[in-house]
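The model shown is predicted, which means the values in this text are computed figures rather than measured ones. Here is the naming used below: chain letters follow the sequence lines, and residue numbers restart at 1 for every chain.
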Amino acid sequence: MFLINCPYCGERDQQEFKAGGEAHIERPKQPTELSDDEWAEYLFMRKNIKGVQFERWNHAHGCRKWFNMVRDTSNDEIKAIYKMGEKPPAQ
Amino acid sequence: MTKNLRVKSSEYIDETNRISFKFNGKTYHGFKGDTLASALLANNVHLVGRSFKYHRPRGIMTSGSEEPNAIVQINPGTNRTEPNVRATEVEIYDGLEASSQNCWPSVEFDIGGINNFLSPFFPAGFYYKTFMWPASFWEKYEFFIRHSAGLGKSPTLNDPDIYDHRNIHCDVLVVGAGISGILAAKNAAKNNFKTLLVDEKNEIGGSTIYENNEFNKIDNKAPSEWLKKEIEELKNIKNLEIKTRTSVAAYHQYNYLLARENLTDHLETKDKINKIRQRLLKIRAKKVILATGALERPLIFNNNDRPGIMLSSAIKKYSEFYGVVCGSKNVFFTNNDSAYESALSLYNKGINVEAIIDIRKQSESKIVKKVKEAGINIYWSHTIVDTAGYKRLNTVSIMKLSNDGTSVTGNKIFISCDCLGVAGGWTPAVHLYTQSGNKLKFDEEKKVFLPNQNSSEQISVGSCGGDFKIDEIIKNLNQKLKDTLNIKETDLDNIKIEIDQENSKRNIWLLPSDKPLGKTKPFVDYQNDATAKDIKLALREGFRSIEHVKRYTTTGMGTDQGKLGNMHALGIIADTAGVKMGELGTTTFRPPYTPLTFGTIVGRNVGKFFDIFRRTPMNDWHVENKAEFENVGQWKRAWYYPINGETMHQAVQRESKAARESAGILDASTLGKIDIQGSDASEFLNRVYTNAWSKLAIGRCRYGLMLNEDGMVYDDGVTTRLGENHYIMTTTTGGAANVLGKLEDYLQTEWPELDVYLTSVTDHYATASLCGPNSKKILKKIIPDLDLSDENFPHMSFKEINIGNIECRIMRISFTGEQSYEINVQASYGKSLWEKCIEAGKEFNITPYGTETMHLLRAEKGFIIVGQDTDGTMTPIDLQMDWIVSKKKYDFIGKRSLYRSDTMKEDRKQLVGLVTDDPNTVLEEGAQIVSELNQSPVEMLGHVTSSYFSPNLNKSIALAVVRGGKNMMGKKLFVPMENKNINVTVANPVFYDEKNERLNA
Ligand SMILES: [Zn+2]
């Protein structure tokens, strides 16, 4: 049960949040220009890292805002939280 | 043979309050303050249960939550019965009944006991090896196993008690109220930390409050006296809350802990009523101080499990705390000084101590000298090689240990006794520490696993942190408190401590016998009857990982999770395999630390609070008019309205005919409604729906289909343009929350440049859908001022108007193919709107219809229901809805996926209509469809998704998804059922009014 520091609301229990998969996968601006393989890469391929991972989270039962989280999946340490559109912290 | 073994008056036992209770049907007496275990021991009852596999007689071994043997069923046969309760934790009250488990017909004579004599045939892995073959015999084996085994009986009656959950936030949580926990909590609270101290027992103080070693002193006082003064002072400290009878079950990340607070289990039945029985505390602590203490280990020797064989520390607690002696002829067996304290405790009360058998070569500590002076026999370098006494220990036989401790020599000496205290050293209770995700390290000198680290959020203090002597405990506790709480001074800075320094021990994990191992029974896990022999067998058979050995031998897999024997199991594996214990690691300690009741876990979420349900504003009318309801997501929706004892089929047929012939009315309030505003609202809709939205005029409605990015249909609904920058979107009932979530996701993360705001207004509006050829006339009666002509208010358009002073939004849209009006009002007016419609519709025989009729009517029109006719693998093209997919739009969610090679395949499953050759045969939804009958195996082409008997067409109709179905129009297929094959023909999915003439009729 993480304690997540929503950038808009502050510390809240994990129950209020929904995980939204890998972060920083931008939707292609011109999907029709892409080959099947390139589109499939965007659509299906996701990392599943043991270690530091960049993730999207949503404060679903709170402010409904999406934000990014850097989490070490091996010990669930939350290393950083930052808003959508902000640059990920340097490693 | 009930004889009273109460020898000392104890301040924790109220001898003026005599309590009567029953065990196995027989009445006994104890006192307020007794546990079931202490009261039974006072009555000289040791035999309390049978072991799981061999049904060996077993007695009380411990005085705490680690008890493996004395497991009982509380109040059997009543609505408050509970299995697998540790007798050492049950506080007795008048009227308590308890019974042994695992035995039939009685604990004294148990049929399963024969397993004990058959035990050569029950080695480790016996169940895995034997009962798995042949597979078809499993049912017979299962019958046998279930009748001869079992841990108690689960309750069959409704639980009458109330359970509760509570969230707690504190600065410091201290787990365990022994001397370390009390001092930690006191100093934290005094330094303005909001502190919570919890302990599983009913009294705080741990083992120190009955400490009797005269050679240990704190500030020149006996530790017990000193601690009682400290406890007294706690009352005056602010910021400190103490919860007793509260057991921490789980320690999750980020200092989130679950604890069970027991509030009424110790009360008489009449005092339990209408009170909260147990409360689950959900604790979020800034800092956690673990002071969970240590558990004494037994020693592993031949037949070490007989009733009367107990932990030495338990004998001391029963004697000092409860005033009960466990035997009249006592022997101790030890590898350290602890047993000498217990022996002296008995000796000082005039109880016989026959001998102490010590595997060490010698000890020079003061307490050992004191025992020698008392004239108690000490057998140095000796071990017990066997014990005797079936239902109660009567003899131990001992022999001299060889120098290396692996064998025995010399003559066998027999010592007659009725109680044996074993002391194998202390194991820090690191369970919670490891649950929190931290790793252990093995201390070679102390032969224990210890917490590898303390952090600013969590420390382990006292014996759970590896400090066993009072001077070490205080010194290290003081430093850890200062570090973690960031404080300069504590109460502990100037404490003077004297202790009996000598504390040698000799560790032998498996003690030898004069018999070969194969002929002995040295139990490692008492509850699951796993012996050292089983563990060695597992190693011989090639198991190496500790987790595998555990599962193969079931060591540590009982309800006690092997709290007593896990270290021995590891030690025996390490010795046998020739590896170091530190390298072996431990098995995982999983929550809960002690079992939780289901009641505690679910709290108040039972009965009607089990799941949330939502009701529409018209619900009361539906109930009054005898509607049957169905669950749609969390909603309770009117399903159909039977009259005069109609069956569901009859009601639905009547409702469906009425809606097409005159007028029907449906409660559509549950449809999801999302208010969309902003200067980019039109562009936003263009991107989320497959069709184009820019040109939709204000006051007009349009049906939209929403895809996932993979091209599969996700949701559908009608969206209305209320103004230049204002739309209202409807979604499916079940999809509302997810659609809003998905739209927010795109807005916030992919298209933050769009000026669009989304608000869920599902609960703000109530919706009545008027449908049928007379719907216009009814609406006219309700709102005479509104021009309902097709010119002014055509199909797929919208009007905003008042009924009296109630604002209405009316959409002329249709999900049935009939002329329909969806009237939306503020939710609180929903029922009065509905009643107005019913009243106005009376002359037209207006018929309320439920979801089943709605489904039937739309199926006649071939309209899909997302989630029924689609399953996340259907594209709009598969649904034959190419018309709604814009070719002109550059992009929308899912567009690119419609051109993937897979989604363009001709032989995908596609939506078609099916007509049965026999018009009266109604297909079953979910039935499989094939093209060949005499082929095996036969390819399943698809399945029936919707099927009804249409009263308006007077024949059976169905929708189905069929591989390559689009090109099968008119083809004969088969639906094979259990007893017959049904012949069907592929048809156009629009069965009724193909030209949509009725919309404007
Ligand atoms: Zn938030």
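Both the backbone and the side chain of Asp710(B) have a heavy atom closer than 4.5 Å to some heavy atom of chain A. The parts of Trp66(A) that come within reach of chain B are both its backbone and its side chain, each placing non-hydrogen atoms under 4.5 angstrom from that chain. Both the backbone and the side chain of Leu3(A) come within less than 4.5 Å of a heavy atom in chain B. Contacts of Tyr251(B) with chain A are absent, with no heavy-atom separation under 4.5 Å from either backbone or side chain.
For residues 738-748 of chain B, heavy-atom neighbours of chain A at less than 4.5 Å comprise Leu740(B), Gly741(B), Glu744(B), Asp745(B), Tyr746(B), Gln748(B), sorted by residue number. Within residues 25-33 of chain A, the residues having any heavy atom under 4.5 Å from a heavy atom of chain B are, by residue number, Ile25(A), Glu26(A), Arg27(A), Lys29(A), Gln30(A), Pro31(A), Thr32(A), Glu33(A).
Summarising the local packing, NZ of Lys439(B) is surrounded by 12 or fewer heavy atoms from other residues, nucleotides or ligands at distances under 6.0 Å. Summarising the local packing, CZ of Phe609(B) is surrounded by 12 or fewer heavy atoms from other residues, nucleotides or ligands at distances under 6.0 Å. Residue Glu906(B) places its CD atom among 12 or fewer non-hydrogen atoms of other residues, nucleotides or ligands, all under 6.0 Å distant. The number of heavy-atom neighbours closer than 6.0 Å to NZ of Lys888(B), taken from other residues, nucleotides and ligands shown, is 12 or below.
In terms of heavy-atom pairs under 4.5 angstrom with chain B, the leader among Asp13(A), Asn75(A), Asn58(A) is Asp13(A). Of the listed residues (Lys18(A), Glu77(A), Lys65(A), Gln14(A)), the greatest number of heavy-atom pairs within a distance under 4.5 Å of chain B belongs to Lys65(A).
Here the shortest heavy-atom pairing between Arg64(A) and Leu758(B) reads NH2-O, 3.4 Å. Taking every heavy atom of both residues into account, Phe2(A) and Gln253(B) meet most closely at CE2-OE1, 3.6 Å. Contact between Ser901(B) and Asp36(A) at its shortest, heavy atoms only, is N-OD2, 3.0 Å. The two residues Arg896(B) and Leu34(A) have their closest heavy-atom pair at NH2-O, 3.0 Å.
Partners of Phe17(A) according to the ring pair (Phe, Tyr, Trp, His ring centres under 6.0 Å) rule, which considers only residues two or more places apart in sequence or in another chain, are His59(A), Phe67(A). Evaluation of the side chain to side chain contact (heavy atoms under 4.5 Å, CB included) rule for Ile49(A) yields Lys47(A), Gln53(A) as partners, not counting sequence neighbours.
For the pair Glu709(B) and Phe44(A), the minimum side-chain heavy-atom distance is 4.5 Å or more.
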**Asked** Taking it one step at a time, do Tyr254(B) and Met1(A) satisfy side-chain contact (heavy atoms from CB on, under 4.5 Å)?
**Response** CA-CA 7 Å; Tyr254(B) 295 84; Met1(A) 277 294 184; over 6 Å; no
